[in-house]
Amino acid sequence: DAGITQSPRHKVTETGTPVTLRCHQTENHRYMYWYRQDPGHGLRLIHYSYGVKDTDKGEVSDGYSVSRSKTEDFLLTLESATSSQTSVYFCAISRTSGGDTQYFGPGTRLTVL
Amino acid sequence: AQKVTQAQTEISVVEKEDVTLDCVYETRDTTYYLFWYKQPPSGELVFLIRRNSFDEQNEISGRYSWNFQKSTSSFNFTITASQVVDSAVYFCALSVRLYNFNKFYFGSGTKLNVKP
């Protein structure tokens, strides 16, 4: 199994509060991704990173920001959480971008009340 | 546009039955990759298989087999002699080049219930 951890694994927060989710990998993979999984929508890409300090938006990036200051860590921040951001968040990594397999972390279940 | 369709929302079988999960994809790219992932009730996403568009050879891994047919844009997954532990949601995904990375397009998943 790829060495990917996510923290926290579960979080309940209130609308309007900032939230940061962390993804940590021990594989030294260059590419990292944040997805959200919602019923009826499958997995949707929020942001991705193609190197330290190199990030770009995915298809559902509004309301989210990311940072990657080290190869092993990729942070996802909800600046002001809303109930529509209640979801399961998955981090994924891949060695390259050329069709490589993406390996997923265990997920973080976030509830915004 | 890229798209993955898993028309079977939920399938229920009795243990030891064979079951096929359908996956149909759409892309105009000639180079692409296809994947299957398993999501058991515990929630993690487990990689099962990767195929590139130039390799139509079918693959078998134990009770699992995959049938890739470019002519019908399908990448179907068959579980032989299903077991209760196969109960999970299975996702098919398509990966194609987009700007500086390969973007994944996931199907909506097929929930497989294997009853004892």
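Sequence lines set the chain letters: A, B, ... in the order given, protein chains first and strands last, and positions in each chain run from 1.
With a 4.5 angstrom heavy-atom cutoff, A/L43 touches chain B via backbone and side-chain atoms both.
For residues 102-116 of chain B, heavy-atom neighbours of chain A at less than 4.5 Å comprise B/N102, B/K103, B/F104, B/F106, B/G107, sorted by residue number. The interface of residues 88-97 of chain B with chain A, defined by heavy-atom distances below 4.5 Å, comprises B/F91, B/S95, B/R97. Annotation: residues 49-73 of chain B contacts chain A through B/R50 [non-hydrogen atoms, separation under 4.5 Å].
Follow the hydrophobic side-chain contacts under 4.5 Å out from B/I11 and you reach B/F77 in the same cluster. Under a hydrophobic-cluster definition in which Ile, Leu, Val, Met, Phe, Trp and Tyr are linked whenever side-chain heavy atoms come within less than 4.5 Å, directly or via other members, B/F75 and B/L48 are assigned to the same cluster. B/V13 and B/L21 fall within the same hydrophobic cluster, defined by Ile, Leu, Val, Met, Phe, Trp and Tyr side-chain heavy atoms under 4.5 Å apart, directly or through other members. Tracing side-chain contacts under 4.5 Å through hydrophobic residues (I, L, V, M, F, W, Y), one never reaches B/V24 starting from B/Y33; they form parts of separate clusters. The hydrophobic cluster containing B/V46 does not contain B/V19, counting ILVMFWY residues as joined when their side-chain heavy atoms lie under 4.5 angstrom apart, directly or transitively.
A/T101 and B/F47 get closest at one heavy-atom pair: CG2-CD1, 3.4 Å.
With chain B as the partner, the residue from A/D100, A/L45, A/V88, A/D56 showing the most heavy-atom pairs under 4.5 Å is A/D100. The greatest number of non-hydrogen atom pairs below 4.5 Å with chain B, out of A/Y48, A/F90, A/Y33, is found for A/Y48.
Under the ring pair (Phe, Tyr, Trp, His ring centres under 6.0 Å) criterion, B/Y32 pairs with B/Y25, not counting sequence neighbours.
Other residues, nucleotides and ligands contribute over 12 non-hydrogen atoms within 6.0 Å of the CZ atom of A/R44.
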